[in-house]
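Have a look at the structure below, then the notes.
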Amino acid sequence: MSEQQVPDKEQPQTDKLLEVQDGVHNYSSEESWVKPENPYLLERLEWFKDQKLGLMMHWGPYSQLGVVESWALSDDDGDWSRDGIDWQSDPQQLKREYFSLNRTFNPIRFQPDVWAELAKEGGFRYLNFTTKHHDGFCMWDTHTTDYRITGRDTPFHQHRYADIVGHLFEAFRQQGLAISAYFSKADWHTPYYWTDGMERGDHSWRGPSYDPHQYPWLWEQFVQFTHDQIEELLTRYGRVDVLWLDAGWVRPGKGGQDIRLGEIVDRMRQHQPWLLAADRTVGGAYENIVTPEQTVPEHAMSIPWESCVTMGTSFSFRYEDEYKSVRELVHLLLEIVSKGGNLALNVGPQPDGRLPAGAIARIKGLGAWLNTYGEAVYETRSCEPVYADHWAFTKRAAEQRVYASYLYASEHTSVPLVHLIPYHGKVQSIDLLGEAVLSHLTFRTTEQGLEVELPAAVTEAEAPIAHVFRLYTS
């Protein structure tokens with residue numbers, strides 16, 4: 001993923017030739033989603049829909065530079081990915097310097113338990129961590145390559161938390177959070193993918209440096225390399241709930257880049273039968289979860305989906321980044337949840353192993369809000385009229401409750417004496433959620449919806465992030 005602002009409009013879903021543009025991935029359409037036949041996987045997808053909020057983390061040696069992760073290695077993507085590269089104009093020297101960042105990556109202030117405790121406090125339900133990005137650097141103790149966090153060239157390799165993936169996954173599980181393992185199917189470090197002396201010469205792009213059709217034995221080595229890495233992650237690191245696969249250009253029919261994904265996923269499900277797969281932008285039986293990036297779909301989707309959005313402007317750590325306010329984050333979450341999705345909120349850790357102070361403050365603020373209003377978020381489903389005119393709707397069908405959340409643009413927005421909730425179902429009573437719940441508000445049914453009267457103490461106060469109305473529908 002890349003350093004990108006959240007756009008005003010959703011990314012196009014139809015042009016598969018542009019599955020990645022400026023580092024931002026397209027996403028598969030609702031119509032192309034393939035429903036699993038396995039009833040247990042269907043049950044797990046309902047579990048996933050219940051979670052609503054995940055903590056995504058892009059972290060690796062690139063964090064030292066404060067620039068976009070991996071993408072500057074691709075000459076074909078240099079026009080947008082090298083904006084922050086102001087010290088090196090020679091692309092070949094840049095690649096050598098980038099690939100040697102492991103020699104200085106030493107996050108000695110990394111405390112996995114602190115991260116996990118903060119995530120729990122922030123209301124997150126699962127972790128989505130980059131075990132390996134496109135640059136090929138492995139954040140676990142892999143046996144497949146020396147280009148890893150525990151490799152002898154990496155100064156962190158003798159630290160007690162050196163096997164970062166192992167310690168991080170266990171710390172988050174101890175807090176009751178689930179695990180989603182990000183894994184790039186591309187690997188720009190291994191000679192099985194980017195091989196010297198091939199027809200592309202020194203000019204690199206996202207795909208392999210050779211034609212897999214012409215060198216099938218070399219491609220097979222890459223397939224086995226990839227399978228071995230996935231097998232390590234899914235047999236040596238405890239329970240993994242989602243295998244989150246990036247690099248959508250590695251796929252059947254894309255220049256012969258078939259890694260036989262189904263073969264390894266099916267084999268791993270013999271060990272972890274609950275395993276969901278997110279083969280993003282590819283579609284088919286192994287894209288159980290659709291993953292919009294840096295955007296929110298315009299309309300609700302009934303399929304399992306997860307918007308991965310940055311808290312700041314970048315997926316990787318960026319010096320002096322600007323973070324979204326707690327108000328913006330809550331509004332983003334409510335829009336996504338009202339449309340039936342999950343939010344994977346990305347925070348890029350610092351190169352020293354700490355989380356940025358600005359990000360910590362937002363996480364705690366988000367958690368405080370969810371501690372009061374979480375019942376309108378977790379385990380809910382989309383509800384008409386979904387999301388419109390500052391309103392976000394969710395429901396708990398089994399409990400016959402609908403939640404109508406009104407989103408205030410700022411604390412200076414005036415709070416009306418009467419709110420018109422654009423909901424047309426039958427309602428028995430209405431509460432206003434808060435630290436002290438206001439029960440049985442006065443309301444009347446009109447052609448436009450429900451007119452609800454607010455107490456003077458509420459209308460005279462500063463506008464909150466949102467007013468959340470609980471509607472009892474029977």
Side-chain angles (χ1 to χ4, degrees), residues 1-3 23 56-75 77-78 81-112 114-115 129-168 182-184 186-191 193-194 196 202 204 229 310 312-321 346-359:
M1 285 191 240
S2 67
E3 184 176 333
M56 191 174 203
M57 307 182 96
H58 279 64
W59 196 36
Y62 49 79
S63 302
Q64 299 170 93
L65 300 181
V67 300
V68 61
E69 67 289 339
S70 297
W71 285 98
L73 292 169
S74 170
D75 293 322
D77 293 282
S81 66
R82 294 175 183 168
D83 291 345
I85 310 296
D86 55 6
W87 72 94
Q88 184 56 259
S89 59
D90 180 352
Q92 301 313 313
Q93 181 62 20
L94 167 63
K95 295 171 196 175
R96 287 190 289 271
E97 290 174 347
Y98 184 104
F99 282 129
S100 67
L101 286 170
N102 66 308
R103 298 174 183 271
T104 53
F105 187 48
N106 195 20
I108 58 174
R109 302 181 76 175
F110 171 53
Q111 296 176 286
V114 172
W115 287 18
F129 183 74
T130 47
T131 65
K132 182 185 77 168
H133 206 262
H134 313 326
D135 60 12
F137 186 80
C138 298
M139 297 289 278
W140 79 96
D141 187 28
T142 180
H143 297 166
T144 62
T145 176
D146 291 332
Y147 198 58
R148 65 184 191 270
I149 191 65
T150 55
R152 289 186 176 273
D153 288 344
T154 304
F156 195 63
H157 79 275
Q158 291 184 317
H159 195 277
R160 61 174 175 152
Y161 294 139
D163 192 349
I164 285 176
V165 164
H167 290 288
L168 202 56
Y182 172 112
F183 179 86
S184 172
D187 190 310
W188 296 341
H189 184 269
T190 179
Y193 197 77
W194 275 7
D196 292 337
D202 291 333
S204 58
Q229 289 195 334
T310 54
T313 62
S314 173
F315 280 101
S316 57
F317 171 72
R318 181 177 181 179
Y319 293 95
E320 300 177 350
D321 203 353
N346 186 91
V347 173
Q350 296 178 173
D352 66 358
R354 293 177 298 161
L355 297 181

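Predicted, not measured: the structure shown is a model, and the values here were computed from it.
Side-chain atoms of Asp163 come within 3.5 Å of backbone N or O of Asp141 as a donor-acceptor pair. Side-chain atoms of Asp321 come within 3.5 Å of backbone atoms of Thr313 as a donor-acceptor pair (strictly under, hydrogens ignored). Remark: the backbone N or O of Arg354 is not paired with any side-chain donor or acceptor of Trp115 at under 3.5 angstrom. Side chain of Lys95 to main chain of Asp202: a donor-acceptor pair is present (N/O by atom type, distance under 3.5 Å, no hydrogens or angles). One N or O on the side chain of Thr130 and one on the backbone of Trp59 form a donor-acceptor pair closer than 3.5 Å. A donor-acceptor pair under 3.5 Å is absent between the side-chain atoms of Ser74 and the main chain of Trp71, judged by distance alone.
Every residue meeting the ring pair (Phe, Tyr, Trp, His ring centres under 6.0 Å) condition with His159, not counting sequence neighbours, appears here in chain and number order: Phe156, Tyr161. Not counting sequence neighbours, Tyr98 has no partner by the ring pair (Phe, Tyr, Trp, His ring centres under 6.0 Å) test.
When every heavy atom of Ser184 is checked against every heavy atom of Tyr182, the shortest pair comes out as N-CE2, 3.9 Å. Considering all non-hydrogen atoms of both residues, Val347 and Ala359 come closest at CG1-CB, 3.8 Å. For Lys132 against Cys138, the heavy-atom pair with the smallest separation is CD-SG, 3.9 Å. Looking at every heavy atom in both residues, Gln64 comes nearest to Tyr319 through O-OH, 3.1 Å. Nearest heavy-atom pair, Pro349 versus Met57, reported as atom, atom and distance to 0.1 Å: CG-CE, 3.7 Å. A pairwise comparison of heavy atoms in Ser314 and Asn346 identifies O-ND2, 3.9 Å as the closest pair.
When side chains are defined from C-beta on, Tyr62 does not count as touching Leu73, because their heavy atoms never get closer than 4.5 Å.
The aromatic rings of His189 and Phe99 stand perpendicular to each other, their planes meeting at an angle above 60°, with 30° marking the opposite boundary.
Phe137 pairs in a side-chain contact (heavy atoms from CB on, under 4.5 Å) with only one of the listed residues (Thr131, Thr145, Leu101, Thr154), which is Thr154.
Residue Ile149 holds its CD1 atom at 13.0 Å from OG1 of Thr142, rounded to the nearest 0.5 Å. One distance of note links OG1 of Thr310 with CZ of Phe315; it measures 5.5 Å at 0.5 Å rounding. To the nearest 0.5 Å, atom NE2 of residue His157 and atom CG of residue Asn106 are 10.5 Å apart. Separating the CE atom in Met139 from the CZ atom in Phe105 is a distance of 4.5 Å, to the nearest 0.5 Å.
A side-chain N or O of Ser204 and one of Asp75 form a donor-acceptor pair less than 3.5 Å apart.
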